[in-house]
Amino acid sequence: MSRPSAPKASTPPPGAPIGLIAGVVAAVIALIAVVVFLAVRDDSPTAVGSSASLPAGGGVVVNADAPQDAIEVHIFEDFQCPFCGLLENSISEQVKEAVAADEVKMTYTFMTFLDSNLGNDSSSRAANAAVCSSDEGIMLDWHSSVFEVQPSEGAGYTDETFIQAAEEAGLSGTELETFTSCMADGTYDDYVEDMATAATEAGVTSTPTVIVNGEVISPDDMNTLMEDGTTFDSVIANYGERR
Amino acid sequence: MKPLPAVLGIAARLALGGVLVAAGGIKVVDLDASVRSVVAYDLFSYPIAEFIGITLPIVEISIGLLLLVGLLIRPSAAVGAGLMVIFIAGIASAWARGLTIDCGCFGDGGPVSENQTKYAQEIARDVGLTLAGLYLFIRPRTPFALDNKLQPDRNS
């Protein structure tokens with residue numbers, strides 16, 4: 001009894017084992033991705049900031065001794081961001097008054113991602129210097145002086161600007177020397193990185209962002225603040241009542 | 001191979017592969033920005049968003065390179081089209097929830113002004129790339145592909 005001849009080309013052709021190749025390639029891609037992830041991901045923030053700084057990159061508090069019922073205002077800003085400059089130059093006087101009157105508890109997080117966009121290091125240097133200024137108790141005045149002379153986006157800050165702002169805020173002698181060396185040494189560079197991580201973790205992905213009593217203020221309210229700083233008290237009061 | 005399918009296949013590989021390599025390449029040099037872009041969608045907890053932000057560019061570059069050199073075209077096209085569908089879903093959900101963000105498809109995303117969103121264009125682009133991926137999944141055999149060396153065309 002003779003068997004019919006096998007049909008041609010029904011058997012798989014002798015070639016490379018595609019499935020094996022695909023498996024190896026997929027495994028290599030996954031391995032690279034996991035290795036990069038483990039290498040790049042931010043460790044839990046542990047750097048120590050100034051005495052006025054919250055742990056874990058939580059930001060720098062202006063008036064930690066504010067009363068319990070003070071409205072908590074947290075501003076996330078980048079010294080190189082034009083809209084941050086607009087906001088600061090609009091509301092800085094009102095913020096200073098509200099802090100002096102113990103009506104608000106102010107916290108600042110200085111972010112730095114414009115450095116990579118603009119290809120310089122001004123945001124990081126300014127943020128470090130800002131934390132340095134909080135050691136001398138002049139951060140509120142210092143940072144508004146710096147924003148007043150904000151260069152056009154991308155031009156960057158000089159150290160001279162930071163020192164001048166410190167002098168304007170009343171530093172001299174050994175205090176000024178301490179500030180200058182803190183600035184030059186990049187004493188708080190690690191804390192500045194932690195602030196960036198903590199801000200992203202908190203869901204803050206752009207600057208300026210203003211959080212009042214835990215709630216991000218609306219774009220409309222942000223525009224109002226930028227246009228007319230005298231609205232500061234009434235805008236933040238809205239968020240205070242909703243608590 | 002007929003000229004038209006050959007041209008379409010090459011075009012689909014260049015489009016999907018090229019865009020994936022470009023998008024992944026821009027993200028991989030600033031992974032912090034990539035993570036921020038994912039966080040801005042407000043869909044995942046931070047650890048998951050961080051994982052996606054860091055690993056996605058590597059997957060994009062890998063799949064893009066495979067398509068460009070023509071290795072494992074069918075599975076690569078499937079993964080590429082799958083990524084595009086996920087991106088479309090993400091962008092659509094941001095649009096539907098009234099967020100005003102840049103898709104972050106090519107690096108630094110995050111909030112933009114209300115009149116600066118480009119959701120329709122972003123989705124249209126990704127639909128086109130999904131179609132390119134589907135076409136390659138159905139007809140993975142194209143000229144100038146390493147696949148042809150692994151499995152010589154037995155009909156020609």
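First the proteins, then the strands, lettered A, B, ... as listed; each starts at 1.
- In plain terms, the two heavy atoms of B:Asp30 and A:Asn117 that are nearest each other are OD2-OD1, 4.4 Å.
- Counting heavy-atom neighbours within 6.0 Å of B:Arg74 CZ, excluding the residue itself, gives a total above 12.
- Nearest heavy atom pair, residue A:Val36 against residue B:Leu31, reads CG1-CD1, 4.3 Å.
- Within a 6.0 Å radius of CD in B:Glu114, no more than 12 heavy atoms belonging to other residues, nucleotides or ligands are found.
- Other residues, nucleotides and ligands contribute over 12 non-hydrogen atoms within 6.0 Å of the CZ atom of B:Phe106.
- Closest heavy-atom contact between A:Phe37 and B:Ile54: CA-CG2, 3.6 Å.
- Both tests hold for B:Arg36 against A:Phe113: distance to the six-membered ring centre under 6.0 Å, angle to the ring axis within 45°.
- Contact record, B:Ser62 with A:Ile29: CB-CD1, 3.4 Å, taken as the closest heavy-atom pair.
- Between B:Thr55 and A:Ala33, the shortest heavy-atom contact is CG2-O, 3.6 Å.
- A 4.5 Å side-chain heavy-atom check between A:Thr205 and B:Pro111 finds at least one atom pair inside the cut-off.
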If you apply the rule side-chain contact (heavy atoms from CB on, under 4.5 Å), what do you find for B:Leu72 with A:Ile18, and how did you get there? CA-CA 8 Å; B:Leu72 302 166; A:Ile18 293 289; 4.1 Å; yes
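- Contacts of B:Ile61 with chain A are absent, with no heavy-atom separation under 4.5 Å from either backbone or side chain.
- For A:Val28, no part lies near chain B; criterion is any non-hydrogen pair under 4.5 Å.
- Contact annotation for B:Ala33: neither backbone nor side-chain heavy atoms come within less than 4.5 Å of a heavy atom of chain A.
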